[in-house]
2 protein chains.
Amino acid sequence: MTKAEIVAKIAEKTGVEKGAAQAVVESFMDIVKTSIKADEPVYLRGFGSFIKKTRKAKKGRNIKAGESIIIPEHSIPAFKPAKTFLGELK
Amino acid sequence: MTKAEIVAKIAEKTGVEKGAAQAVVESFMDIVKTSIKADEPVYLRGFGSFIKKTRKAKKGRNIKAGESIIIPEHSIPAFKPAKTFLGELK
DNA sequence: AACATAAAAGACACAAAATGTCTACCCACA
DNA sequence: TGTGGGTAGACATTTTGTGTCTTTTATGTT
């Protein structure tokens, strides 16, 4: 399912005009990104939370060259699904 | 940041009425959940993808009782952040 | 506007699964 | 038309997830 498809479904379900729905969805993505970058979690009850997490340095490898490589410590956006979501999925 | 807060920001940025924005966001969450449950990935270019993944069975432990427990194989909703998102975060 | 309800985070130990690295090609979304 | 993202492949180490209870906080309802 792509962005265009989900926007179409949202418009259909909510009655909101397609253009407006797309603007809302894109704004949503943008705000979540901005918020995570600012290290502020986004909490969506019944769905899940977006949180900035830190990954410790780790050994990876350059597949092409076959050599060991050190992946430095870095931050990632993590999604923690809500318990209700997990329950519906089991 | 909570749902109410993000809805307010979206309304402010897009000009879409707050009530409509909230309906869109909630519909968005609902559709993503439904799609994942149907094992259909949701691709959001520039943001990330939601995919249903399978976790293999694993040993955990009941902290309270201190006993080993087997966590059976199960499905989870995974979020894979877009490369651009990761780049902005590093 | 305030209250009641329900949902989520945190914390504990530990074993095994999952991750993430690079490169390049190809397809499909925007 | 341009570019973002999936895919594959090897391997060491980090991360994960379990149950339960408490406390905090959002949600929506009277």
Side-chain angles (χ1 to χ4, degrees), chain A residues 1-8 18-19 21-23 25-26 29-30 33 35 39-90, chain B residues 1-9 18-19 22-23 25-26 29-30 33 40-90:
Chain A
M1 169 161 330
T2 67
K3 188 164 70 180
E5 287 170 359
I6 201 172
V7 164
K18 223 154 134 185
Q22 175 166 348
V25 169
E26 283 174 356
M29 305 193 310
D30 190 52
K33 287 206 289 183
S35 185
D39 200 7
E40 166 137 17
V42 177
Y43 179 68
L44 296 173
R45 193 160 183 159
F47 183 70
S49 311
F50 293 92
I51 309 164
K52 179 171 150 189
K53 280 200 173 181
T54 299
R55 285 276 181 270
K56 285 191 186 170
K58 196 172 104 176
K59 273 188 196 165
R61 48 184 8 232
N62 185 329
I63 302 295
K64 214 64 174 178
E67 326 166 314
S68 261
I69 281 187
I70 292 188
I71 308 163
E73 177 168 313
H74 62 291
S75 296
I76 58 149
F79 172 69
K80 179 173 185 181
K83 204 192 302 183
T84 51
F85 189 0
L86 282 171
E88 294 172 26
L89 197 61
K90 78 168 168 249
Chain B
M1 168 157 334
T2 68
K3 188 166 68 181
E5 287 170 358
I6 201 173
V7 164
K9 278 207 178 174
K18 222 154 131 185
Q22 175 165 350
V25 170
E26 283 174 358
M29 305 192 310
D30 190 52
K33 287 205 288 183
E40 167 138 14
V42 178
Y43 294 99
L44 297 173
R45 196 159 182 158
F47 183 70
S49 311
F50 292 93
I51 310 165
K52 179 171 150 190
K53 280 199 173 181
T54 299
R55 285 276 181 267
K56 286 191 185 172
K58 194 174 107 175
K59 273 188 197 167
R61 47 180 13 228
N62 185 330
I63 302 294
K64 214 61 172 182
E67 325 166 316
S68 260
I69 282 188
I70 292 188
I71 307 164
E73 177 168 313
H74 63 291
S75 296
I76 58 149
F79 173 68
K80 180 173 184 180
K83 204 192 303 182
T84 51
F85 189 0
L86 282 172
E88 294 172 27
L89 199 59
K90 77 170 170 247

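Each chain gets a letter, A, B and so on, in the order its sequence line appears, and its residues count up from 1. Here the structure is a predicted model, which is why all the values come from computation and not from measurement.
With rounding to the nearest 0.5 angstrom, the CD1 atom of A:I6 is 6.0 Å from the CG atom of B:L44. The structure places OG of A:S35 at 11.0 Å from CG of A:D30, a figure rounded to the nearest 0.5 Å. Note: B:K53 NZ to B:F79 CZ = 12.5 Å, rounded to the nearest 0.5 Å.
When the side-chain hydrogen bond (donor to acceptor under 3.5 Å, both in side chains) test is applied to A:Q22, the partners found at least two apart in sequence or on another chain are A:E26.
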### Task
In sequence, state the C-alpha distance, the side-chain angles, and the governing distance for B:I76 and B:H74, and then conclude on side chain to side chain contact (heavy atoms under 4.5 Å, CB included).
CA-CA 7 Å; B:I76 58 149; B:H74 63 291; 3.8 Å; yes

### Message
Does A:E40 form a side chain to side chain contact (heavy atoms under 4.5 Å, CB included) with A:K52? I'd like the steps, not just the answer.
### Response
CA-CA 8 Å; A:E40 166 137 17; A:K52 179 171 150 189; over 6 Å; no

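In summary, contact between chain B and DNA chain D, defined as any nucleotide atom under 4.0 Å from a heavy atom of the protein, begins and ends at D:dG2 to D:dT27 in the 5' to 3' direction.
Separation of the A:F50 and A:Y43 ring centroids does not fall under the 6.0 Å cut-off.
Using a 4.5 Å heavy-atom threshold, the side chains of A:L86 and B:P77 count as touching.
End-to-end axis angle for the helix from C:dA1-D:dT30 to C:dA30-D:dT1, using five pairs per end and rounding to 10°, comes out at 160°.
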List the atom pairs, with distances to 0.1 Å, where a side-chain N or O of residues 56-63 of chain A and a protein N or O form a donor-acceptor pair under 3.5 Å, not counting sequence neighbours.
residue	atom	partner	partner atom	Å
A:N62	OD1	A:K64	N	3.1
A:N62	OD1	A:A65	N	3.2

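Nearest-nucleotide positions on DNA chain C for B:L86 and A:E26 put B:L86 closer to the 5' end.
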### Message
How would you summarise protein contacts on nucleotides 7-20 of chain C per nucleotide, using B for base, S for sugar-phosphate only and - for none, with heavy-atom distances below 4.0 Å?
### Response
SSS--BBS-SSSBS

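For residues 69-88 of chain A, the salt bridge (charged side-chain N to carboxylate O under 4.0 Å, His left out) pairs, not counting sequence neighbours, are A:E88-B:K33, A:E88-B:K37.
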